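Take a look at the structure below.
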Amino acid sequence: MSVLQPVRGTHDLLAEESRRHRRVEDVAFETARRYGFGEIITPIFEFTEVFSRTLGETSDVVTKEMYTFTDRSGDSITLRPEGTAGVARAFISGGLSQHLPLKLFYRGPMFRHERPQKGRLRQFHQVGVELLGVDGPQADVEVIGLGAQVLVALGLKDKVRLELNTLGDAESRAAYREALVRYLSGHRNELSKESLERLERNPLRVLDSKDEGDKAVVADAPLLTEYLNELSRNFFEHVRAGLDSIGVPAEISPRLVRGLDYYCHTAFEFTTTALGAQGTVLAGGRYDGLISQMGGPSTAGIGWAAGVERLSMLLDETPPADRPLAIIPMGADVGALPLAQRLRQAGFAVELGYSGNLKKRLNRANKLNARAALILGEDELSRQAVAVRDLDTGEQEEIPLVALEDRLARFR
RNA sequence: GCGGGUGUAGCUCAGUUGGUUAGAGCGCCAGGUUGUGGUCCUGGAUGUCGUGAGUUCGAAUCUCAUCACUCGCCCCA
């Protein structure tokens with residue numbers, strides 16, 4: 001291993017990549033703001049218990065994917081593998097139950113020690129939202145609608161589809177889980193090795209198996225919908241109707257599940273087929289049991305998270321870089337630096353060449369995709385003016401120094 | 001964590017049955033005279049052939065290990 005290599009599964013984002021990345025974040029935040037969400041910035045590390053208790057001691061994330069270390073105080077610290085736990089912790093430690101309902105947006109790096117693949121990194125980035133304190137289905141519709149709108153705003157509407165399911169409330173889930181385990185236990189010899197493990201740890205996951213043998217067993221398994229109580233059925237109906245009413249079509253996907261106990265009712269995923277095995281691009285659900293499980297006041301919650309790298313890879317075009325003005329001084333003492341400072345203060349993006357003759361500098365200005373070159377020569381200066389060359393049209397004119405800001409307005 | 005593929009200049013790749021100075025295109029730099037770009041012409045630089053061992057008179061070419069990337073599984077954004 002060379003220290004000159006980035007750590008496995010980490011990346012440097014430069015130029016076009018960084019602009020795509022930034023675009024995803026900005027569009028998500030801007031859209032969330034229109035839905036009334038404000039930003040919360042939580043630490044990227046927490047006490048390990050924050051994650052082990054919220055994600056469940058048996059989940060893959062906790063058992064084998066966390067970046068955990070002991071700090072100099074002897075505390076066990078973990079780099080956050082996802083965003084919800086930190087937000088929930090902040091909600092409790094900040095006493096934010098005074099401010100319900102609460103709509104929070106977050107963004108930033110997450111860390112999971114997994115085998116890297118396309119669209120799956122060890123340090124990756126998410127944007128996400130949480131809506132706390134609303135237990136009715138209107139919240140689900142609003143949150144999913146926001147997710148859909150983010151994808152629309154990014155131009156990805158035709159590349160993703162929305163899958164929706166309900167897990168029912170605690171009572172419905174417990175009843176169903178019992179029935180499912182009973183059924184699957186009767187078919188142990190037909191299940192794959194993975195699914196036998198799932199049966200122990202996370203039986204609902206068997207429904208989602210890609211193994212053909214498992215699929216055959218699952219085909220005759222009891223259906224969750226048959227175990228939904230009145231309240232749960234009703235809730236789901238309202239979510240579906242609500243999504244219809246805002247023009248966000250969803251496909252009901254009975255095998256879409258969440259394993260952890262605090263999840264309930266709505267589960268959804270926006271998926272794409274364009275990223276290989278990592279098809280999920282934005283996903284979330286309702287987690288009414290989470291905050292109380294962490295020791296806070298019983299509080300409803302629903303949210304989603306989206307993978308910034310995955311979305312970034314789906315963008316059709318890269319946002320353009322700034323198009324600066326290029327100042328080209330001819331001679332040493334023509335005041336290029338003060339002029340650059342003055343124009344920058346006036347709001348222009350300004351590049352200053354560092355070396356070379358006029359031809360070379362024009363060439364560089366061109367490569368920077370500059371809108372115009374400001375040629376500062378002795379002749380022009382003697383007339384208190386600068387030569388301004390429009391690099392798109394090739395037209396060149398002399399502009400008096402005093403009128404520069406006004407006359408350059410079209411290049412801003 | 002498990003299985004398959006790949007790894008040659010900044011980028012995309014070529015490299016004959018192992019043979020001596022490792023190539024192309026793009027990009028980069030310089031020049032085509034002293035203040036005018038995007039085209040064109042000419043010239044130039046750049047590689048521990050991912051890394052480390054081994055086989056061999058000789059390895060970018062064969063073997064092994066290791067690292068990274070990649071595809072799939074697991075899981076997930």
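Predicted model, so just to flag it, every value in this text is computed and none were measured. First the proteins, then the strands, lettered A, B, ... as listed; each starts at 1. Note that these values count all heavy atoms, side chains included, but never hydrogens, waters or copies made by symmetry.
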Q | RNA chain B: 5'-proximal contact among A:H113 and A:F124 (nearest heavy atom) | A | A:H113

Q: Between A:M330 and A:R198, just flag the one whose closest nucleotide in RNA chain B comes earlier from the 5' side.
A: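 The residue mapped nearer the 5' terminus is A:M330.
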
Between [options], which nucleotide has the shortest distance from any of its atoms to the side chain of [X]?
| X | options | result |
| --- | --- | --- |
| A:A283 | B:G31, B:C28, B:A77 | B:A77 |
| A:K118 | B:C71, B:C76, B:C28 | B:C71 |
| A:L358 | B:A77, B:U36, B:C75 | B:U36 |

Take atom [atom1] in [N] and the same atom in [M], then report the distance between them in whole Å.
| N | M | atom1 | answer |
| --- | --- | --- | --- |
| B:C64 | B:A9 | C1' | 28 Å |
| B:C49 | B:G3 | C1' | 28 Å |
| B:A59 | B:G1 | P | 34 Å |
| B:G19 | B:C29 | P | 36 Å |
| B:G23 | B:A45 | P | 12 Å |
| B:C13 | B:G47 | C1' | 15 Å |
| B:U6 | B:U66 | C1' | 15 Å |
| B:U70 | B:U8 | P | 14 Å |

Once you round it to whole Å, what is the distance between [atom2] of [N] and [atom1] of [X]?
| X | N | atom1 | atom2 | answer |
| --- | --- | --- | --- | --- |
| A:L196 | B:C73 | CG | P | 19 Å |
| A:E82 | B:C76 | CD | P | 12 Å |
| A:H125 | B:A77 | NE2 | C1' | 12 Å |
| A:R361 | B:G35 | CZ | C1' | 12 Å |
| A:R120 | B:G1 | CZ | P | 12 Å |
| A:K359 | B:C29 | NZ | P | 13 Å |
| A:R122 | B:A77 | CZ | C1' | 17 Å |
| A:L282 | B:C76 | CG | P | 16 Å |

Q. Is the shortest side-chain N/O distance from A:R205 to OP1 or OP2 of B:C76 below 4.0 Å?
A.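 A:R205 to B:C76 OP1/OP2: side-chain N or O found under 4.0 Å.
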
Q | N or O in side chain of A:K360 less than 4.0 angstrom from B:A30 OP1/OP2 | A |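 So the side-chain polar atoms of A:K360 do come within 4.0 Å of the phosphate oxygens OP1 or OP2 of B:A30, strictly under.
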
Q: Flag yes if more than 12 heavy atoms outside A:R323 fall under 6.0 Å of its CZ atom; otherwise flag no.
A: yes

Quick one: label [X] by what it contacts on the DNA or RNA (base, sugar-phosphate, nothing), any heavy atom closer than 4.0 Å.
| X | result |
| --- | --- |
| A:G147 | nothing |
| A:E378 | base |
| A:L121 | base |
| A:N369 | nothing |
| A:L311 | nothing |
| A:G128 | nothing |
| A:R8 | sugar-phosphate |
| A:Q117 | base |
| A:A305 | sugar-phosphate |
| A:E114 | base |

SB check [X] [Y] (cutoff 4.0 Å):
| X | Y | answer |
| --- | --- | --- |
| A:R23 | A:E25 | no |
| A:R371 | A:D390 | no |
| A:E395 | A:R389 | no |

Q | Mutual orientation of the aromatic rings belonging to A:H187 and A:Y183 [parallel < 30°, tilted 30-60°, perpendicular > 60°] | A | tilted

What is the pairing partner of [N], taking Watson-Crick or G-U wobble pairs with both distances under 3.5 Å in any strand?
| N | value |
| --- | --- |
| B:U21 | none |
| B:C73 | B:G1 |
| B:G44 | B:C28 |
| B:U6 | B:A68 |
| B:G35 | none |
| B:U63 | B:A53 |

Quick check: any donor-acceptor pair below 3.5 Å linking the side-chain of [X] to the base of [N]?
| X | N | answer |
| --- | --- | --- |
| A:R115 | B:G3 | yes |
| A:R112 | B:A77 | yes |
| A:N366 | B:G37 | yes |
| A:R389 | B:G37 | yes |
| A:Q396 | B:G37 | no |

Q: Under the side chain to side chain contact (heavy atoms under 4.5 Å, CB included) rule, what do A:T266 and A:L167 come out as? Steps first, then yes or no, please.
A: CA-CA 6 Å; A:T266 311; A:L167 303 169; over 6 Å; no

Q: Scan side-chain atoms only and decide if A:D169 and A:S172 contain a donor-acceptor pair under the 3.5 Å cut-off.
A: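 Their side chains do contain a donor-acceptor pair, which is all the 3.5 Å distance test asks for.
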
**Q.** Atom pair CG/CG of A:L404 and A:L374 - distance to nearest 0.5 Å
**A.**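 Between A:L404 CG and A:L374 CG, I get 5.5 Å after rounding to 0.5 Å.
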
Q.
To the closest 0.5 Å, what do you measure between CZ (A:F105) and CG (A:L146)?
A.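 A:F105 CZ to A:L146 CG: 9.0 Å, rounded to 0.5 Å.
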
